[in-house]
*Asks:* 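Mind having a look at this structure? Questions to follow.
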Amino acid sequence: MPSIALRDQIAAKFESLGILQQREVVSRDALRPCVERVTRRFTEVAEAKAFAAACNVVVTTPHVLHHCTPEARQALLSATGPYGLARARPAPHRTVTHQD
């Protein structure tokens, strides 16, 4: 993500579930994900892992990632899944509605 504004916009969409509730893809009472923004560099592996483990979605900028220590950056990226910047854990099945 190239900018702080875009990072915050994307995080806000995750926090509000975007249009998923409006389109009834997710029920109106669905639990919101825990979304965290990485706004400063990580220098410790344990701190990066703990941060990623505490949230469902992690949003950051390349600039912040670049300033992490290589070990902490790798720990954060490893914990956030294949896209490196966002990891979403599924909500409990009772909160998701399916459209035919």
Side-chain angles (χ1 to χ4, degrees):
M1 287 163 241
S3 71
I4 292 169
L6 183 55
R7 178 196 63 205
D8 291 343
Q9 180 182 11
I10 289 170
K13 287 296 182 183
F14 274 106
E15 289 165 342
S16 69
L17 298 178
I19 65 167
L20 295 176
Q21 287 181 328
Q22 294 170 2
R23 303 278 182 178
E24 297 179 354
V25 173
V26 179
S27 69
R28 296 242 180 238
D29 61 343
L31 300 174
R32 309 265 177 187
C34 176
V35 180
E36 291 294 338
R37 296 158 177 85
V38 180
T39 59
R40 62 172 184 79
R41 72 187 193 122
F42 287 102
T43 57
E44 301 294 326
V45 170
E47 183 183 17
K49 284 182 177 181
F51 179 88
C55 36
N56 304 105
V57 179
V58 175
V59 186
T60 190
T61 63
H63 180 77
V64 172
L65 283 178
H66 176 74
H67 285 87
C68 293
T69 63
E71 299 82 9
R73 179 175 48 246
Q74 185 57 45
L76 183 63
L77 293 174
S78 294
T80 56
Y83 300 106
L85 300 177
R87 173 185 54 121
R89 286 182 253 165
H93 294 288
R94 63 181 166 73
T95 62
V96 177
T97 60
H98 299 281
Q99 287 188 316
D100 296 323

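Treat the numbers as computed from the prediction; the structure is a model and nothing was measured. Computed over heavy atoms, backbone and side chain alike; hydrogens, waters and symmetry mates excluded.
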*Asks:* Is Arg37 reaching over with its side chain to a backbone N or O of Ala11, donor-acceptor style, under 3.5 angstrom?
*Replies:* no
*Asks:* Could you check if a side-chain atom of Leu17 sits within less than 4.5 angstrom of a side-chain atom of Val25, using non-hydrogen atoms only?
*Replies:* no
*Asks:* Give the minimum heavy-atom separation between Leu77 and Leu65, together with the two atoms involved.
*Replies:* CD2-CD1, 4.2 Å
*Asks:* Minimum heavy-atom separation for Pro33 and Val57, please, with both atom names.
*Replies:* CB-CG2, 4.3 Å
*Asks:* Answer yes or no: is there a donor N or O on one side and an acceptor on the other, between the side chain of Arg7 and the main chain of Thr61, under 3.5 Å?
*Replies:* no
*Asks:* Is Arg41 salt-bridged to Glu71, cutoff N-O under 4.0 Å?
*Replies:* no
*Asks:* Would one find more than 12 heavy atoms of other residues, nucleotides or ligands at under 6.0 Å from atom CD of Glu44?
*Replies:* no
*Asks:* Who pairs with Gln74 by side chain to side chain donor-acceptor pair (under 3.5 Å), at least two apart in sequence or on another chain?
*Replies:* Ser78
*Asks:* Could you check if a side-chain atom of Phe42 sits within less than 4.5 angstrom of a side-chain atom of Thr69, using non-hydrogen atoms only?
*Replies:* no
*Asks:* Taking all non-hydrogen atoms of both residues into account, name the closest pair between Arg32 and Ser16 and its distance.
*Replies:* NH1-O, 2.7 Å
*Asks:* For a quick test of reading the model, state the closest non-hydrogen atom pair linking Ala79 to Ala52 and the distance between them.
*Replies:* CB-CB, 3.5 Å
*Asks:* Given Thr39 and Val64, is the side chain to side chain contact (heavy atoms under 4.5 Å, CB included) satisfied, shown in steps?
*Replies:* CA-CA 7 Å; Thr39 59; Val64 172; 5.8 Å; no
*Asks:* First locate atom CD of Glu15, then atom CG of Asp8, and finally report the distance between them rounded to the nearest 0.5 Å.
*Replies:* 9.0 Å
*Asks:* Starting at CZ of Phe14, measure out to CD of Gln9 and round the result to the nearest 0.5 Å.
*Replies:* 12.0 Å
*Asks:* How close do Ala48 and Ala75 get, counting heavy atoms only, and between which atoms?
*Replies:* CB-CB, 4.3 Å
